[in-house]
Participant: 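Here's a structure for you.
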Amino acid sequence: MKNELVLVLDFGGQYNQLIARRVRECNVYCEVHSYKMTIDEIKKKNPMGIIFTGGPNSVYLEEAPHVEKALFELGIPVLGICYGVQLMAHVLGGRVTTPVTREYGKTETQFVSDSLLFKGLPEKATTWMSHTDYIEVVPEGFRVTAHTDACPCAAMENAEKKLYGMQYHPEVLHTDNGVQMLRNFLYEICNCQGDWTMGDYKKTAINNIRETVKDGKVLLALSGGVDSSVLAALLAEAIGKQLTCIFVDHGLMRKNEGDEVEQAFASWDINFVRVNAQEQFLSRLANVEDPETKRKIIGEEFIRVFEQEAKKIGVVDFLAQGTIYPDVIESGTGDAAVIKSHHNVGGLPDHVDFKEIIEPLRLLFKDEVRKLGQELGLAEYLVWRQPFPGPGLAIRIIGDITQEKIDMLQEADFIFRQEIALAKMDRDIHQYFAVLTSMRSVGVMGDERTYDYTLALRGVTTTDFMTADFARIPYDLLAKISSRIVNEVKNINRIVYDITTKPPATIEWE
Ligand code: XMP
């Protein structure tokens, strides 16, 4: 059975995959294609609807992406977003102009309530605007269905021809009811029934992998994080023994984590190699205090260990990478300043012989990766694992690293995580962990004076990890955690809770 399909035509906007993901959230299968797709190609796909993304251009520029007028005459519903709606207006004979000021950010918007696009939604709401040009005159047969103080046409439609568009971005969460507007487009206007699920995605992904890999060998660096674990499960299901996973245990994971990863994959019919390289990493890190140097050493060492192991397997056909969509955008932004050189386990090795890289999770967002993991039957604790930096506890021990400090931090962090889980706050706090500071202070235990380490607890709530707020953990819970840690972990006599946001602080301390 073939799924209902909606095409997203990409005009170069930054949110193109986000639109696709919102459509998938509405249970409709969706593919992103270039705006250059021809009318014949579109017809062959027989889509239920087409969505135009935004883009950085002005419709009047010669090099600006265009579409043929015939596209609007196919009888297929079209929704234009931002540049997409301007292009629709321009091609169909409306007028787009450049006003004196651009409109950017959250904007009060007034809607016409009898539009199908806004069915069931309030007449006034906030939308997310990001544009220079706007539509001054709508094409013949269209009416204006929303406006703001600065923008006379924030949405327009020709209901008879099923052509719709909006100047703002419904796909970003800053737009109130944005997903509902997309849902209205899909269900009320395109007449979709919503027949797409993560189960379908799994099947398609498995088929694609089998087609690409054929009888080739695939190598994967497994870190135990969500992305690489889900990828391992997906590949295991698709190609079984043709897959070898190498799990480099650098000894800087959280308590028990190395064993947990090994256990989780023990029952899968794949080749699983665990390399216990704790001592090797520790000796390379001895007396190193600078965070970036630590990251560099761990990155290099990781690649070296991985290469040594890979050599034993010989030539492989494919190297699999757990790249997900946010990594694709972040690595594509070019001139952003490097705050921390994020070494992600799985960086490219120079000396492993492989023919091609495959990245089957490339188009998924984090929560979709988790859903896929659940669909594949991966253990809950792996699917819901909070993000954990590639360099691990090395960047949560301030200054130099010793085995003693690792042990201390693992114990303290374990207690913290245990209590948060017990309080059922583990899904509300997006990342939480302990940091062993290099500071020691005076305390008293029994009748004895102590001079021991200060441990910091950090918990943040965030949507994208680019900005974050500190989590409001109740005082009583903090009190319990603090008392357990100082009582149960030797050489820690003081606990502090980090109450800074990001920015100006970062999430990790190093
Ligand atoms: P910061 O500390 O930059 O962290 O606010 C943002 C997110 O990135 C994670 N992080 C890292 N991840 N290698 C990684 O793979 C690293 O070196 C690294 N440093 C920070 C951090 O845990 C948070 O989720």
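Indexing begins at 1, ligand by ligand and atom by atom, following the structure's order. Just so it is clear, the values below take in all heavy atoms, side chains as well, and ignore hydrogens, waters and symmetry mates.
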Participant: Compute the shortest N/O to N/O distance between P387 and ligand 1 and return yes if it is under 3.5 Å, no if not.
Facilitator: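 For ligand 1, there is no N or O atom that lies under 3.5 Å from one belonging to P387.
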Participant: For the pair R458 (side chain) and I507 (backbone), establish whether a donor and an acceptor sit closer than 3.5 Å, ignoring hydrogens and angles.
Facilitator: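 Yes, because the side chain of R458 sits within donor-acceptor range (under 3.5 Å) of the backbone of I507.
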Participant: Test side chain to side chain contact (heavy atoms under 4.5 Å, CB included) on Q374 and W384; report intermediate values, then the result.
Facilitator: CA-CA 9 Å; Q374 279 176 318; W384 285 102; 3.4 Å; yes
Participant: For F470, does the six-membered ring have the charged nitrogen or CZ of R472 within the cation-pi criterion, i.e. under 6.0 angstrom from the centroid and within 45° of the normal?
Facilitator: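 Here R472 passes the 6.0 Å and 45° test against F470.
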Participant: Would you mind listing which atoms of ligand 1 come within a distance below 4.0 Å of any non-hydrogen atom of T506?
Facilitator: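 The list of qualifying atoms is 1 (P), 2 (O), 5 (O).
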Participant: Does the side chain of K502 come within less than 4.5 Å of T462's, by heavy atoms?
Facilitator: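 Counting from C-beta outward, T462 and K502 never come under 4.5 Å.
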Participant: I'd like to check which ligand 1 atoms, numbered from 1 as shown, lie under 4.0 Å from a non-hydrogen atom of K502.
Facilitator: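 In order of numbering, the contacting atoms are 1 (P), 3 (O), 5 (O), 6 (C).
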Participant: For R183, does its backbone N or O pair with a side-chain atom of R22 as donor and acceptor, under 3.5 Å?
Facilitator: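 The answer is no, because no donor-acceptor pair under 3.5 Å joins these two groups.
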Participant: Which part of P391 is near ligand 1, with near meaning a heavy atom under 4.0 Å away: side chain, backbone, both or neither?
Facilitator: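 Only the side chain of P391 comes within reach of ligand 1.
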Participant: Counting from 1, what ligand 1 atoms have a heavy atom of G390 closer than 4.0 Å?
Facilitator: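 Numbered from 1, ligand 1 contributes 13 (N), 14 (C), 15 (O).
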Participant: Does R295 reach ligand 1 with a nitrogen or oxygen that is under 3.5 Å from one of the ligand's nitrogen or oxygen atoms?
Facilitator: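 Yes - when backbone and side-chain N and O of R295 are compared with those of ligand 1, one distance drops under 3.5 Å.
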Participant: Can a salt bridge be assigned to the pair R417 and D413 using a cut-off of 4.0 Å between side-chain N and carboxylate O?
Facilitator: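 Yes, this pair counts.
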Participant: Using a plain distance cutoff, I'd like to know if F465 has any nitrogen or oxygen under 3.5 Å from a nitrogen or oxygen of ligand 1.
Facilitator: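 No - when backbone and side-chain N and O of F465 are compared with those of ligand 1, no distance drops under 3.5 Å.
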